[in-house]
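Single-structure report; data block below.
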There are 2 protein chains.
Amino acid sequence: MSGHMPQPGKTILVEGGGRIPFIPPITHRIEETMARRKTITIKEVARMAGVSVTTVSNYLNGQMARMSADTREKVGKVIEDLHYQPSSAAQSMRSNSTKIIGVIVGDISNIFSSMLFGGIQKVIKPRNYSLMLLSTGNDPADENLCINKLIRQNVDGLIIQPTQDDPEAFYPIVNAHTPLVIVDGIVKATPKNAAHVISDNTPSSKAMCRELHERGYRRIVTVSETTAPTSSQLPRLEAVRHCTAKLGMEHVMLDVRGHDDAWLAERLRENAGPDAPRTAVFPLMGPLLFRTLTALQAAGLEFPGDLGLVSFDDWNWGRFIGGGVDLLQRDIDEIGRLAGESILQIIEQGHPEQTEISVPTRRIAGHSL
Amino acid sequence: MSGHMPQPGKTILVEGGGRIPFIPPITHRIEETMARRKTITIKEVARMAGVSVTTVSNYLNGQMARMSADTREKVGKVIEDLHYQPSSAAQSMRSNSTKIIGVIVGDISNIFSSMLFGGIQKVIKPRNYSLMLLSTGNDPADENLCINKLIRQNVDGLIIQPTQDDPEAFYPIVNAHTPLVIVDGIVKATPKNAAHVISDNTPSSKAMCRELHERGYRRIVTVSETTAPTSSQLPRLEAVRHCTAKLGMEHVMLDVRGHDDAWLAERLRENAGPDAPRTAVFPLMGPLLFRTLTALQAAGLEFPGDLGLVSFDDWNWGRFIGGGVDLLQRDIDEIGRLAGESILQIIEQGHPEQTEISVPTRRIAGHSL
DNA sequence: GTGAAAGCGCTAACAT
DNA sequence: ATGTTAGCGCTTTCAC
């Protein structure tokens, strides 16, 4: 206890506390700052600076060697004064490069998406690219629309978390010669020169099975929701199926599609009976950990007492739940960074340094097993 | 217990279980599907269909009345065959509309951002707009760059979670006549015809203070991290300051900027001494609840025993922590939807239906007080 | 060192 | 019902 003793009715400021400002009501309205009839073009800038559009264009593209210091200064000043902003549409129409990378994810409300996006942005923003993000709601038809939309935008590259495994879906991308990175989803065919970044689903799941066996578990209940044929839950499921069979364990597979939490609670209760073998529940992705916890709560089941619990991806909340949840944690930010680096490589060198990238999963110890 | 009794070594399929497919290694590589020398243009389509570019343009823009059924079919077929995709750049250059709405947030890794994005997309996607998302890392200079970037993109509208309260920051937007919605951040001046969507920070915080007082708490420790002068934590802080003073309570304000979790743990321990008045900790945003929980854990403090706990925004994890965390929960999706609706109104009618929108916060009962 | 002019792919006003 | 054509704002030869 360091000694200060606050007094009632007085705000104690601990660090940075002097910064509570008065929050004024909004009164002020910003009006137009310049009387402007029409949009300012390069032509206008050229006219005002008394030079040709070529010179202004050179200025914009950093070709300073192609003009005198005098001219450079003049042009710079006019651009400044006019607050001139070159039109990206016109620029990209000529240069055939938009400096935009399109990103298509299955479900933006899955935290996975925002972490992925953050990772991608981390590497591409310093390189002066922007991101256009679309979410398909895991609908293949919408995915196709999104692909075409971004192709029409003439994006310099495309990063997709695919929802369908149909090679035809990629045709528009291939035909447009657009660099492509496929992330997270499992597809059987990828375009030439595309990169594929996924987690080490199979090895990590197998290792977990072995660990559960060693810890004395004899039954694994997977909780999945495989809406897409490309879902990374499928290899995890397959690994558990394969491994449990090999180790002589039972595998109960619960797929929650179309079911509510009550249904899941009932299934879990079934698997926690007194005569059941030692059982661990294994949600195969972050949002399913959430649903599983809800169901466990509803069923009045405790872990690790009634059931063991281990999950993929807790989005960093698991440590506060019970004594901490045992985890297979993916580094989504890293997946995003690798996807971003790959797309830049393809854009700049025509091909990625690696076409198949598998990102390792970390085993985080908890007290739920 | 519904009767099935799994056998070791056998996978029990509960619902949708037959869907584990064989995951093949990637062998197939998609090659180009069409030999194409150059990009297909409207001119090319016109030539192939034996019509003029005007007719093709009319087709693209749904002006079917301006051509015979025969022509329509012919054009449609050629477009189909050639997989023709009109260039958005060229279109927007002429039409002066991009169907793109720019979104600028302070920190994409804050779940707030992805939920906001999801809400916005929910209303604008059906209206055929796309989103371009940029994250500034709460850096005002970068925010300005982002604004200019999107202005150059000629976005049809801009939604900003502002990091700075300088009216000048909005000048480029005003000058470009770009519709603007300000979200979450508190600013003293907004452009004319802009909408401002925020949470009911002050009323909800005050109500919480009164509730804490009624429950017998006599000291509130706020945990804040006010990096931006626009932070919505500031009105919350101000409300707590004002209300505690009025009710004769103590207010200890902890701002974690530049401090680690150990520091926070120590400060919390100070406020949980045996001679301390009854104290509640109040993290002012979701990520701070996370840090506070970490610190409480490190300090070996329990809630509600040692300290009461109530927080803004738990991102739906609070219910699994302890007996459930008491909350002031914002509906971020709703904030996003309102922002999206506002920007569409401004785009289409020139002004929003409401300029100042305050979204209510829900009080969710837990067992942490 | 600087400029004139030809497009990039599309839309829309104005023919026919 | 269909076609001609002038730009939208910019980049890029190619001249001077």
Side-chain angles (χ1 to χ4, degrees), chain A residues 36-76 78-79 82-100 148 151-156 176-177, chain B residues 36-76 78-79 82-99 148 151-156 176:
Chain A
R36 171 130 52 86
R37 351 160 252 300
K38 50 192 297 288
T39 55
I40 296 167
T41 71
I42 196 174
K43 204 165 155 188
E44 179 79 358
V45 173
R47 200 180 56 71
M48 301 239 62
V51 297
S52 75
V53 292
T54 307
T55 303
V56 178
S57 177
N58 284 333
Y59 182 98
L60 292 176
N61 296 291
Q63 315 278 32
M64 300 308 183
R66 295 191 192 165
M67 69 197 78
S68 66
D70 192 40
T71 307
R72 164 156 69 248
E73 194 178 343
K74 221 165 35 185
V75 174
V78 172
I79 287 177
L82 262 44
H83 296 280
Y84 166 68
Q85 300 280 3
S87 148
S88 304
Q91 284 180 317
S92 70
M93 199 156 148
R94 291 295 334 227
S95 64
N96 216 31
S97 150
T98 51
K99 288 292 198 176
I100 296 175
N148 283 330
I151 293 294
R152 284 198 299 271
Q153 285 294 336
N154 196 25
V155 293
D156 287 354
H177 304 280
Chain B
R36 171 131 53 86
R37 348 161 255 297
K38 50 193 291 298
T39 55
I40 297 167
T41 72
I42 197 175
K43 204 164 155 187
E44 179 79 358
V45 174
R47 199 180 58 71
M48 300 238 64
V51 297
S52 74
V53 291
T54 306
T55 303
V56 178
S57 177
N58 283 333
Y59 182 98
L60 292 176
N61 295 291
Q63 314 277 32
M64 299 308 182
R66 295 190 193 167
M67 69 196 78
S68 67
D70 192 40
T71 306
R72 164 156 68 252
E73 194 179 342
K74 220 164 36 188
V75 173
V78 172
I79 287 178
L82 262 46
H83 296 280
Y84 166 69
Q85 300 280 4
S87 147
S88 305
Q91 284 180 318
S92 71
M93 200 157 148
R94 292 296 332 226
S95 65
N96 216 31
S97 151
T98 51
K99 288 292 196 177
N148 284 331
I151 293 295
R152 284 198 299 272
Q153 285 294 336
N154 196 24
V155 292
D156 287 354

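Residue numbering restarts at 1 for every chain, and letters A, B, ... go by the order of the sequence lines.
- A straight line from CZ of Arg66(B) to C1' of dA15(C) spans 14 Å, rounded to a whole angstrom.
- The shortest distance between the side-chain N/O atoms of Ser95(B) and the OP1/OP2 oxygens of dC8(D) is not below 4.0 Å.
- Set against dG9(C), dT2(D), dT11(D), the side chain of Asn61(A) has dT11(D) as its closest nucleotide.
- Using a 4.0 Å cut-off, no side-chain N or O of Ser87(B) falls inside it from OP1 or OP2 of dG9(C).
- Nucleic acid contact class of Met93(A) (heavy atoms, under 4.0 Å, all strands): base.
- The distance from atom CG of Asn58(B) to atom P of dA15(C) is 17 Å, rounded to the nearest whole Å.
- Between the CD atom in Gln85(B) and the CG atom in Asn154(A) there is a gap of 11.5 Å [rounded to 0.5 Å].
- Residue contacts for Thr71(B): at a heavy-atom cut-off of 4.0 Å it reaches the sugar-phosphate backbone alone, with no base atom in range.
- Atom P of nucleotide dT4(D) and atom NZ of Lys43(B) are separated by 12 Å, given to the nearest angstrom.
- Straight-line distance from the CG atom of Leu60(A) to the P atom of dC10(D): 8 Å, rounded to whole Å.
- Considering only side-chain N and O atoms, Gln91(A) lies under 4.0 angstrom from the phosphate OP1 or OP2 of dT11(D).
- When rounded to the nearest whole Å, the span between CG of Asn154(B) and C1' of dC10(D) equals 14 Å.
- Taking the side chain of Ala90(A) as heavy atoms from C-beta on, and the options dG3(C), dT11(C), dG9(D), the nearest nucleotide is dG9(D).
- Considering only side-chain N and O atoms, Thr39(A) lies under 4.0 angstrom from the phosphate OP1 or OP2 of dG9(D).
- In this structure, of dC10(D), dG9(C), dG3(D), it is dG3(D) that holds the atom nearest to the side chain of Thr54(B).
- Of the two residues contacting DNA chain D, namely Arg72(B) and Thr41(A), the nearest-nucleotide position lying further toward the 5' end is that of Arg72(B).
- If you take CD1 of Ile42(B) and P of dG3(D), they are 12 Å apart, rounded to a whole angstrom.
- By the 4.5 Å heavy-atom criterion applied to side chains, Val51(B) and Met67(B) are not counted as neighbours.
- Between the side chain of Thr55(B) and the base of dA1(D) there is no donor-acceptor pair of N/O atoms closer than 3.5 Å.
- Checked by distance alone, Arg94(B) brings a side-chain donor or acceptor within 3.5 Å of a matching partner on the base of dG7(D).
- Across all strands shown, Ala65(A) has heavy atoms under 4.0 Å from sugar-phosphate atoms exclusively, and none from any base.
- In this structure, Ser92(B) and Ala89(A) approach most closely via the heavy-atom pair OG-CB, 3.7 Å.
- Interatomic distance, Asn58(B) CG to Arg72(B) CZ, rounded to the nearest 0.5 Å: 11.5 Å.
- Between Arg47(A) atom CZ and dT2(C) atom P there is a gap of 19 Å when expressed in whole angstrom units.
- Nearest nucleotide to the side chain of Ser52(B), out of dG3(D), dT11(D), dT2(C): dG3(D).
- The shortest side-chain heavy-atom distance between Tyr59(A) and Val45(A) does not fall under the 4.5 Å cut-off.
- With dT11(C), dT12(D), dT2(C) as the choices, the nucleotide that has an atom nearest any side-chain atom of Ser68(A) turns out to be dT2(C).
- Of the two residues contacting DNA chain C, namely Ala69(A) and Val53(A), the nearest-nucleotide position lying further toward the 5' end is that of Ala69(A).
- The CD atom of Glu44(A) sits 12 Å away from the P atom of dC8(D) (whole-angstrom rounding).
- Contact annotation: Tyr84(A) reaches the phosphate of dC10(D) (side-chain N/O to OP1 or OP2, under 4.0 Å).
- Under a 3.5 Å cut-off, the side chain of Ser57(A) and the backbone N or O of Val53(A) do not form any donor-acceptor pair.
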